[in-house]
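Within every chain, numbering begins at 1; the chains are lettered A, B, ... in the order of the sequence lines, protein sequences first and strands thereafter. None of these values were measured; they are calculated from a predicted model.
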Protein chains: 2
Amino acid sequence: MRQVMDRQLIHGFLEQHELQHTFPNALQERIRLYHFEKGETICTEGEQLNQMYFLVKGKLKIYTVSTEGRSRLLRFKNPLDIVGDVEYLKKNLVFNTVEAVTEGDLMGISYEDITRLAYDHPPFLQFLLEEVTHKFYTESNASTLNHLNSVETRLASYFLSTATTEKSTLFYQEMKTTNLKDIADLIGTSYRHLNRVIKQMCEEGIIEKKSKRIYIKDHDLLRERAHGNIYE
Amino acid sequence: MRQVMDRQLIHGFLEQHELQHTFPNALQERIRLYHFEKGETICTEGEQLNQMYFLVKGKLKIYTVSTEGRSRLLRFKNPLDIVGDVEYLKKNLVFNTVEAVTEGDLMGISYEDITRLAYDHPPFLQFLLEEVTHKFYTESNASTLNHLNSVETRLASYFLSTATTEKSTLFYQEMKTTNLKDIADLIGTSYRHLNRVIKQMCEEGIIEKKSKRIYIKDHDLLRERAHGNIYE
DNA sequence: GTGTTTTTGGGACATATGTCCTTTTGATGA
DNA sequence: TCATCAAAAGGACATATGTCCCAAAAACAC
């Protein structure tokens, strides 16, 4: 991850994401822009973090690995998600490893600057509050879904949540930046079992694998298998 | 749940929990105090909520039930936890059912009053932000723990997190206000399997059941079984 | 194009765990 | 004290799911 010396670009991102009112002026002048490449580790579990990062371009994944070598993929991050917010608020080391799925850009603000210049600024606090609340909501939703449902239901739900429309056909596009291992780690199953469930769904005509993509063939049946749940 | 007309008591709770600065004065005069009895449902999943409740006395449990009848116990709430904060911020109906484990008291503040009188008040925003962040942290921690570990590890971790010291013996006291069904719903297993794991741990000399309590007999072995995890 | 590494796919086997049901124990109310 | 209900305990059986391993296909680097 390298710093990009480009004040114009920073202001461009602030405008693009409508953050001029969220960040007090004094804070805006202290923002740093960083560029990352695909596969780079942004920060590692257990590490000390001194900045809060606002993702303005690209995609990240958040994961953790247990001592036994099992992995959990907590979520993906898209703009305008934040890295290091909870670590700032809980005054803790990094909780989970953050890795780049694509190349992209982050705006960094030091924790000191945030405390001095923004922690009394209602628009910033409101922004942070809404961000953490959303994160909590999605975590809680996913957690409950995982808790109460089988892998099949979770997978169906996952497909529904990431489906996009191309022409008149729904398909699941994350395959381009997500491999099956990541999906297994996200919905909480082994790679092997995921394969089984995917195979079964193909045989039942619910989905179809073609050209590195998974197409939804029977949307109603998929929704039925999801039991009304959607990962969010 | 019935309202208690006692301004003195409200101010007593504000002092006890050091909230005088968190809540702007105008807001403090609009706080309502409610009393609840053990077993009462404070609010139900899917219901419309108009107030944010601050728990000042007693204990609550938060749970949800799937369409198939499976239950998940998300967490317990103690003073000064909040009910209705995420619903306020996400502008949504109640996500999970809240039920009283003991009798107690709640201070209620209408969403309108919060928006008018406190959503620009930095101390209140900071308080809310720290509360939601903590909630997110514990949810994420529990979720990862559940994801990556067996029921045995989760149960061991649970015992460690609720253990208290009496004399020189560590024991697990939540049994008094928590039944085995709740524990099963919390760590994400069936009641039957929980019984098996508890029985096994008793046979191995890790814990001992006596007088409606579970005593930790071998703290080191328990910590080993928890794999260094603690529910929080 | 070739060689290497990574991702996908699937067989075989084991077991952690859930469902269903029954019995026992303990708590509660009259 | 007795009757009823709820919580705890446990048997029997089934299966969802994980581990381990190997083969095939795809991606990547030179």
Which of the following nucleotides, dT17(D), dT8(C), dG18(C), is nearest to the side chain of V151(A)? dT17(D)
Could you give the CZ-to-C1' distance, from R70(B) to dA16(D), as a whole number of Å? 11 Å
Parallel, tilted or perpendicular: ring planes of Y137(B) versus H134(B), cut at 30 and 60 degrees: tilted
What is the distance from NZ of K181(B) to P of dG18(C), rounded to the nearest Å? 11 Å
Please report the distance, rounded to the nearest Å, between NE2 in H193(A) and P in dA14(C). 19 Å
Polar atom pairs (N or O), protein with nucleotides 10-12 of chain C, under 3.5 Å:
residue, atom, partner, partner atom, Å
dG10(C), N7, R192(A), NE, 3.2
dG11(C), N7, R192(A), NE, 3.4
dG11(C), N7, R192(A), NH2, 3.0
dG11(C), O6, R192(A), NE, 2.8

Check: T189(A) side chain, H193(A) main-chain N or O, donor-acceptor pair, under 3.5 Å: no
Output yes when K135(B) and D85(B) qualify as a salt bridge under the 4.0 Å nitrogen-oxygen rule, no when they do not. yes
Using OP1 and OP2 only, check whether a side-chain N or O of K209(A) sits under 4.0 Å from dT8(C). no
Could you give the CE-to-C1' distance, from M201(B) to dA16(C), as a whole number of Å? 14 Å
To the nearest 0.5 Å, atom CD1 of I206(A) lies from atom CG of L222(A) at 6.5 Å
Over how many whole Å does the gap from L194(A) atom CG to dA16(D) atom C1' extend? 14 Å
To the nearest Å, how far apart are E203(B) CD and dA9(D) P? 13 Å
Contact class for S190(A) (heavy atom, under 4.0 Å): base, sugar-phosphate, or nothing? base
Check the phosphate of dT17(D) against S150(A), side-chain N and O only, distance under 4.0 Å to OP1 or OP2. Yes or no? no
Inter-residue atom distance E139(B).CD - T138(A).OG1, 0.5 Å rounding: 10.0 Å
Ion pair E130(B)/K90(A), N-O distance below 4.0 Å: no
Whole angstrom is fine here: how far is it from CG in L148(B) over to P in dT19(D)? 11 Å
To the nearest Å, give me how far apart CD1 (I214(A)) and C1' (dG9(C)) are. 13 Å
Assess the residue pair S150(B) and T153(B) against the criterion (side chain to side chain donor-acceptor pair (under 3.5 Å)); give the C-alpha distance rounded to whole Å, side-chain angles, the decisive distance to 0.1 Å, and a yes or no. CA-CA 5 Å; S150(B) 66; T153(B) 303; 3.3 Å; yes
